[in-house]
Participant: 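Input: one structure, supplied below.
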Amino acid sequence: MKLDLAIRGGTIVTASDMYRADIGIAGGQIVAIANAVSAADQEIDATGLYVMPGGIDSHVHVSQPQGPGIILADDFASATASAAAGGNTCIMPFALQQRGTSLRQSVEDYRRLAEGECHIDTSFHLIISDPTPAVLGQELPALVKDGYTSFKVFMTYDDLVLNDRQLLEVLEVARDEHALVMVHCEGYDTIKFMTERLERAGKTEPYYHAVSRPEAIEREATHRAISHAELIDVPMMVVHVSGREAMEQIRWAQQRGLKVYGETCPQYITLTAEDLKGLNMEGAKYVCSPPPRDTESQASIWDGITQGVFQTFSSDHCPFRYHATDGKLNEKGRTSFRWVPNGIPGVETRLPILFSEGVSKGRITPQKFVELSSTNHAKMYGLYPRKGSIGIGFDADIALWDPFRKETIRQDILHHGSDYTPWEGFEVTGWPVMTIARGTVVMDDGKIVGSKGYGQILSRDISDYAKKR
Ligand code: DUC
Ligand code: ZN
Ligand code: ZN
């Protein structure tokens, strides 16, 4: 077969293997892996590089409606360009149902925003904020059958929170339809209580965001969500785990044989609550939920990663502009942390941070990096064996990494829509130098060379991880 593309001389890394071989690509798929593949129309020399599955970031927020006057800094074009620059070939943002609206309509509206805009493949989770009988009885089952096989629910936020009964009802539909529920585990009433006490005491700076939602609040909600999942007998994913307390709840559930999964993020291995203490409003740049904790928590998160408590490492990319009245420095945000939008940019920096802190510092193997950054995302959310590995028949979604290249993360080398990065000045060893999406080079040495509209919007299969015990 005539090859469109050959990648020669690199070291292929998968979740289970690491070996020297060439890769042959035709029609956007991997068709050959051999000591030497035949000549191709386009030849890439990967000598000295790791050839890894493109990153899949299964937790990003793009063009998602926020509160009044606040907007996310990334649309589909900028988010997918930024993702590609960071070595990713697929992202999974959330189609949000706003209360009082139809879930189906929300998904269709969201899809329209993405069509023709994406540089790399994209697939939507759903966020359910209003589980009416119509949503539970008709819309959700139909959407799962259409390939929207995962949804997120929140245990906090005025506009999103579900009460325990609603959580149980959503979990029940997930069990019956074999969809996977992602849960934001922080308690609504406890955060509200803490926020009011802090505000009354005049403690309103960004730092108090972290004080208002301590680990106990995350741990309690995690335990409650796990208990609900056990009661309904359904698998569940606890997203963006910040420290030891919630991690231990997940481990406890796993040791009891429950299909409870965990996700963590770069902010929880590199940032701490101290970062929220910047002068004036600088700390707002680090406000996200759950908040970063402390260095002991970071060590616990590494325990969770190396011991297999966490299956996925995602960015939770949720970018706002800092110098913007529709972002971090909105008028109300200056009066209290309560109004500082929650979220930080990270889709482009997720993989260099994990590679550098994990592989380069000897905490994890390159294979574990692939598992955490790509393979498990594909398996967890129904994209495997189409994506998530390097093998015959997989989409040719590949990132070439220079494992020894040193870089300093700076806003001016990034492609996201935000006007800052929480990792300004952060030094990394290991850098993605080329991203290939379905056989097409979309990023070459930091330059976006693909085009908007190349990325497809994917439906997903039911995942084995979502099937009950
Ligand atoms: N939860 C997320 O998953 N992302 C941003 C904000 C939040 O609370
Ligand atoms: Zn969340
Ligand atoms: Zn998120």
Side-chain angles (χ1 to χ4, degrees), residues 56-67 70-74 79 83 91-97 110 122-129 150-162 167 170 180-188 190-192 195 206 209-210 212-215 217-218 221-222 224-225 236-243 246 250 261-268 271 276 284-293 310 312-321 327-328 333 337-347 349-350 377 380-381 416-418 422:
I56 301 174
D57 195 337
S58 58
H59 188 155
V60 301
H61 302 271
V62 179
S63 289
Q64 187 182 303
Q66 303 296 309
I70 304 294
I71 54 171
L72 273 187
D74 271 316
I91 60 166
M92 297 173 60
F94 297 83
L96 167 76
Q97 177 206 22
Y110 196 58
T122 301
S123 186
F124 306 155
H125 310 287
L126 312 174
I127 289 176
I128 300 157
S129 68
S150 50
F151 20 96
K152 184 173 178 196
V153 290
F154 287 78
M155 298 172 79
T156 190
Y157 294 127
D158 288 333
D159 298 337
L160 300 172
V161 60
L162 301 190
L167 289 170
V170 171
L180 189 63
V181 181
M182 311 159 82
V183 190
H184 180 121
C185 296
E186 290 185 297
Y188 177 78
T190 40
I191 290 171
K192 208 155 193 155
T195 300
H209 168 78
S212 74
R213 38 218 311 158
E215 280 198 68
I217 286 181
E218 186 187 5
T222 303
R224 186 154 40 102
M236 183 185 73
M237 164 62 87
V238 181
V239 291
H240 48 50
V241 174
S242 74
I250 298 166
Y261 312 115
E263 172 202 83
T264 192
C265 316
Q267 44 272 36
Y268 306 122
L271 305 179
L276 278 74
K285 290 181 175 176
Y286 303 88
V287 167
C288 61
S289 292
R293 309 293 184 186
F310 299 120
T312 56
F313 188 91
S314 308
S315 66
D316 195 6
H317 179 73
C318 188
F320 297 95
R321 277 175 284 270
K328 294 286 189 182
F337 63 85
R338 179 204 290 250
W339 304 111
V340 175
N342 282 208
I344 57 175
V347 72
T349 45
R350 169 184 76 125
H377 299 253
M380 189 68 65
Y381 297 109
H416 61 202
S418 194

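In listed order, ligands and their atoms are each counted from 1. These numbers come from a predicted model, not from an experiment.
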Participant: Is a side-chain N or O of Lys328 found less than 3.5 angstrom from the main chain of Pro341, in a donor-acceptor match?
Facilitator: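 Looks like yes, one N/O pair under 3.5 Å.
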Participant: Distance-only, no hydrogens or angles: does the Ser129 side chain make a donor-acceptor pair with backbone N or O of Gln97 under 3.5 Å?
Facilitator: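 Flag set: sc Ser129 to bb Gln97 pair under 3.5 Å.
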Participant: Quick check, are the ring centers of Phe313 and His377 under 6.0 angstrom apart?
Facilitator: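 Here the rings of His377 and Phe313 have centres that are no less than 6.0 Å from each other.
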Participant: Show the atoms of ligand 1 that are less than 4.0 angstrom away from any heavy atom in Cys318.
Facilitator: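 Answer for ligand 1: 5 (C).
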Participant: Not counting sequence neighbours, which residues clear side-chain contact (heavy atoms from CB on, under 4.5 Å) with Ser212? List them please.
Facilitator: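 By the side-chain contact (heavy atoms from CB on, under 4.5 Å) rule, Ser212 matches Met194, Thr195, Leu198, Phe337.
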Participant: For atom 7 (C) of ligand 1, which protein heavy atom lies nearest, and how many Å away is it?
Facilitator: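 For atom 7 (C) of ligand 1, the nearest protein heavy atom is Tyr157 OH, 3.4 Å.
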Participant: Quick check: does any side chain N or O of Tyr268 sit under 3.5 Å from a backbone N or O of Pro290, one acting as donor and the other as acceptor?
Facilitator: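 Yes; judged by distance alone, with no hydrogens or angles, the pair exists.
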Participant: Between His184, Glu218, His59, which is the residue that forms a side chain to side chain donor-acceptor pair (under 3.5 Å) with His240?
Facilitator: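 Considering His184, Glu218, His59, a side chain to side chain donor-acceptor pair (under 3.5 Å) with His240 is found only for His184.
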Participant: Protein N, O or S atoms at less than 2.8 Å from the Zn ion (ligand 2), how many?
Facilitator: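 My tally for this metal is 3.
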Participant: Side chains of Phe151 and Ile127: does their closest heavy-atom pair fall under 4.5 Å?
Facilitator: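 Counting from C-beta outward, Phe151 and Ile127 never come under 4.5 Å.
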Participant: Between Tyr381 and His125, is the ring centroid distance below 6.0 Å?
Facilitator: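 Here the rings of His125 and Tyr381 have centres that are less than 6.0 Å from each other.
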Participant: Could you state the interatomic distance from CE (Met380) to OG1 (Thr312), rounded to the nearest 0.5 Å?
Facilitator: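 The CE atom of Met380 sits 6.0 Å away from the OG1 atom of Thr312.
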Participant: Could you check whether any side-chain heavy atom of Trp339 comes within less than 4.5 Å of a side-chain heavy atom of Ile70, counting everything from C-beta outward?
Facilitator: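 Side chain of Trp339 against side chain of Ile70, heavy atoms only: no contact under 4.5 Å found.
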Participant: Could you check which N/O/S atom of His59 is closest to the Zn ion (ligand 3)?
Facilitator: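 Nearest to the Zn ion (ligand 3) within His59's N, O and S set: NE2.
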Participant: Go through ligand 1 atom by atom and flag the ones less than 4.0 Å from a non-hydrogen atom of Lys152.
Facilitator: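 Listed by number with element, the hits are 1 (N), 2 (C), 3 (O).
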Participant: Quick check on contacts: which atoms of ligand 1 are under 4.0 angstrom from a heavy atom of His240?
Facilitator: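 This gives 1 (N), 2 (C), 3 (O) as the contact atoms.
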Participant: When rounded to the nearest 0.5 angstrom, what is the spacing between CZ in Arg293 and CD in Gln267?
Facilitator: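 Answer for the CZ-CD pair, Arg293 versus Gln267, is 11.5 Å.
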Participant: Is the closest heavy atom of His59 to ligand 1 under 4.0 Å?
Facilitator: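 Distance cut 4.0 Å: His59 passes for ligand 1.
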Participant: I'd like to check which ligand 1 atoms, numbered from 1 as shown, lie under 4.0 Å from a non-hydrogen atom of His61.
Facilitator: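 Checking each atom against His61, I get 2 (C), 3 (O), 4 (N), 5 (C).
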Participant: For atom 1 (N) of ligand 1, what's the nearest protein heavy-atom neighbour? Residue, atom name and distance, please.
Facilitator: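 For this ligand atom, the closest protein heavy atom is His184 ND1, 3.3 Å.
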Participant: Could you check whether any heavy atom of Asp316 sits closer than 4.0 Å to an atom of ligand 1, since that is the contact criterion I want to use?
Facilitator: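 Within the 4.0 Å threshold, so yes.
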Participant: Give me the nearest non-hydrogen protein atom to atom 6 (C) of ligand 1 as residue plus atom name, then the distance to 0.1 Å.
Facilitator: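 Residue, atom and distance for the closest contact: Asn342 O, 3.6 Å.
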Participant: Measure from the Zn ion (ligand 3) to each N, O or S atom of His317 and report whether any distance is below 2.8 Å.
Facilitator: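 Short answer: no, not a single N, O or S atom is under the cut-off.
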